[in-house]
Amino acid sequence: MKVLRIILLCLFAFNYAYAQVGIGTETPDPAAILDVRSEISPGVYGGLKLPTLTLAQRATITAPIPDGLMIYLSDGNNRCLQIYDGTRSQWMDWYCMNELPEASLVDYTGILEVDENLSASYTYTDGENDTESGTSYQWYRADDASGTNVIAISGATAATYLTTTADGNFYVAVGVTPRASTGASPGIEILSPYREIEFKQTEIEFAVASSTIPENDFSTININVLNPSPTVATTVEVNLNAASTTGVLGTDYDIDDNNSVAVTAFPFTITIPAGATTASFVVYAYADDNNAVDEILQLDLQNPSGGINPIIGAVGSHSVPFIDDDSATEIAFDSITYSEVENGLVGSVDINIINPSTLTATTVEVALNASSTATNGVDYDTDAIGTALTFPITVTFPANTSASQQIDFFITNDLISEGDETIVLDLQNVSGGISAIIGANASTTFTIVDDEVPLSPVLLGIQDFEVTAATPTLNYTVNTPGVFRTTNGASPNSPAYIDARSYGVINGDADLDFGPVDSSGYTDATLTFRLAAFSINSTGNGLDGGDYVDVYISDDNGATYSYELEITGNSNRRYDYSATGSYSLVYDGNNTATSVTTPNGTAGYSTIEITGLPSTANLVVGIVLFNDNANELWVIDNVEIYGNP
């Protein structure tokens, strides 16, 4: 370096004498004070390098700085040729260096198929940190991944690109040219890798999941083809689903394929030409008289081929209901009630038919309901000599007739007073006709009206506590001597009555037994008696917390049936001869179906009735009166037992 400086100084000194300096040349240009030759050695060239300073170094230049002094400033990203302006006393930028913006990692994302959006991606950089603005894009199409026969795709100059059919089976890349808002721009276009764009898979599906066809009509069934191949036809089979209920192809319905050729068997093939997006076939529904229900033709797509790797789409099945134009055959009783007097005549029940089939007979069963009270073969029969009807009875309506059918039977005149009896009949198991159904009158009740005068209950015994006892007398026994007394006094039962009263019993029972009587010749027996009360209340020490009356029944087998009566109403409710008593059954010790009723009597008492007493040779009725205060008393009268025929 020192040698070079010495040589330069010598050259300057030598040439100064001649007013010209030549560097690397012995013949400087006559017009140049300094002429620097660019060739350093044969074939090797160089340039002129100005003094390079940082901002800190530039600040050390000795003042005064001469006007026009030139340096090269290199400080960070600030690289400029500068000349000193002595007039302004400041350094002026003559030319500042600036790097071009760069795009790196250029690529794109998206599904590599036709009709899909692709999005460019890249990284932007700038040596001077100039902000990006106006970066441009260009999408390209080529034959292969190397970019053979590449062409710029017309109009594809955005950051995103929607692939088209023209891109199918070709390779696509994007070029990104970075641009900066200031400084040097634009940068150099950088290309992404080329990638192949494939056609989408061909999808074949029904246009809709279902359609309807009225009987004796037709419907066109459409098939859609998504992403058809532009060069290869697509085929698909249409098969019959086992859930179909439409009968037989060629008999109950017909199908013409997309070439208007009649289909003779399943599956049949539909062919969709290359590039076509739809196909169709026609279904014809025939009228019938077989049923009155809608039938369904269920079709499935299967075995696609051709196209571009074809698949069955989301709607792979199609349901075709055939809307029936018939009304169902309806079977019903003519009436829900019939009746006939018990006189040995014939009883009849009519069964009607609506909308009979012209082709098919209709049958229905008539069943005997268990709620019937008339006895088959006894109260009615088939021949008046006791032959029972055989249930269920099958009734047949011939095809193409609307005539009613009839069930006849003989009614027995049994000369027994047993009340009206019923034959309850139900229709069941209807079949045939046009999808035959049972109508509104599915049951009917035939009443056999009894023509005998009903027998009245027979009084087996009565105890009215009168001086002259009513007959037949019902004997009674006092089981608690000193507690009961018989009184003849004023009463609502004018002119007088004698009653049995319980007096002065505190927390104790007053017990009377009535009978025995013979009720064995009757269906059952009934007990009635009159009951009144004085100052009785519904709270206290009784079984349910108050005063009560207990009734028990015993038969010759020793069985006992017990019932307890209590006051109903609010606590401390009082009864006397000025009001009607009110009682209720609160306990049934036998839990039988025997009923207790308390109908209102005249003022001062209620009549208690207990029905369903046993049929026995020695029927005894016990009545226990309970009161828990000496000021309270119960009164009973007219105890009666009846036998029911």
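Keep in mind that what you see is a predicted model, and the values were worked out from it rather than measured.
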message = Classify the ring geometry of F322 against Y253: parallel below 30°, tilted from 30° to 60°, perpendicular beyond 60°.
response =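 Taking Y253 first and then F322, their aromatic rings stand perpendicular (interplane angle over 60°).
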task = Assign the ring pair F446 / F409 to parallel, tilted or perpendicular, where the plane angle (0 to 90°) is split at 30° and 60°.
result =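 Perpendicular, since the angle between the ring planes exceeds 60°.
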Is the number of heavy atoms from other residues, nucleotides or ligands within 6.0 Å of [atom1] ([X]) greater than 12?
X: L55; atom1: CG; value: yes
X: F218; atom1: CZ; value: no
X: I188; atom1: CD1; value: no

Side-chain H-bond candidate by donor/acceptor type, [X] with [Y], under 3.5 Å:
X: D300; Y: N239; answer: no
X: S119; Y: T109; answer: no
X: D130; Y: N98; answer: yes

What's the shortest heavy-atom distance between [X] and [Y], and which atoms?
X: T373; Y: E421; result: OG1-CA, 3.3 Å
X: A361; Y: T396; result: CB-CG2, 4.4 Å
X: A103; Y: P178; result: N-CG, 3.6 Å

Would you say the side chain of [Y] lies within less than 4.5 Å of the side chain of [X], judging by non-hydrogen atoms?
X: V208; Y: V315; answer: no
X: S229; Y: T234; answer: no
X: R58; Y: Y84; answer: no
X: I213; Y: Y284; answer: no
X: I423; Y: Y338; answer: no
X: P398; Y: Q405; answer: yes
X: E237; Y: F266; answer: no
X: R141; Y: D167; answer: yes

Which distance, rounded to the nearest 0.5 Å, do you find between the [atom1] of [X] and the [atom2] of [Y]?
X: C80; Y: M92; atom1: SG; atom2: CE; result: 11.5 Å
X: I197; Y: Y194; atom1: CD1; atom2: OH; result: 12.5 Å
X: E330; Y: T362; atom1: CD; atom2: OG1; result: 11.5 Å
X: L162; Y: T160; atom1: CG; atom2: OG1; result: 8.5 Å
X: R79; Y: D93; atom1: CZ; atom2: CG; result: 13.0 Å
X: T329; Y: I354; atom1: OG1; atom2: CD1; result: 10.0 Å

Exactly one of [options] should register a side chain to side chain contact (heavy atoms under 4.5 Å, CB included) with [X]. Which one does?
X: L297; options: T245, L249, V320; value: V320
X: E102; options: D126, I190, T125; value: T125
X: S357; options: T401, I434, N400; value: I434

Given 3.5 Å as the limit, does a donor-acceptor pair link the side chain of [X] with the main chain of [Y], or not?
X: S185; Y: A180; result: yes
X: T382; Y: T387; result: yes
X: N355; Y: A328; result: yes

message = I'd like to know whether T54 forms a side chain to side chain donor-acceptor pair (under 3.5 Å) with D75, so could you lay out the CA-CA distance, the side-chain angles of the two residues, the decisive distance to 0.1 Å, and finally the verdict.
response = CA-CA 5 Å; T54 65; D75 196 323; 4.7 Å; no
request  = Could you check F206 against L299 for side chain to side chain contact (heavy atoms under 4.5 Å, CB included), going step by step and ending with a plain yes or no?
outcome  = CA-CA 10 Å; F206 287 108; L299 301 174; 4.3 Å; yes
request  = Report the residues that fulfil side-chain hydrogen bond (donor to acceptor under 3.5 Å, both in side chains) with D107, sequence neighbours left out, ordered by chain and then residue number.
outcome  =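 By the side-chain hydrogen bond (donor to acceptor under 3.5 Å, both in side chains) rule, D107 matches R195.
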Can you give the donor-acceptor pairs under 3.5 Å from side chains of residues 267-280 to other protein atoms, not counting sequence neighbours?
none

key: Worked check of side chain to side chain contact (heavy atoms under 4.5 Å, CB included) between D252 and Y286   = CA-CA 5 Å; D252 300 298; Y286 296 155; 5.5 Å; no
ask   = Does the pair I351 and L427 meet the rule for a side chain to side chain contact (heavy atoms under 4.5 Å, CB included), with working shown?
value = CA-CA 9 Å; I351 306 171; L427 296 176; 4.2 Å; yes
request  = Start with the C-alpha gap between N227 and V114, add the side-chain angles, then the distance that decides, and say whether side chain to side chain contact (heavy atoms under 4.5 Å, CB included) holds.
outcome  = CA-CA 9 Å; N227 310 311; V114 171; over 6 Å; no
key: Criterion side chain to side chain donor-acceptor pair (under 3.5 Å) on T394 and T363, from CA distance to verdict   = CA-CA 7 Å; T394 299; T363 62; over 6 Å; no
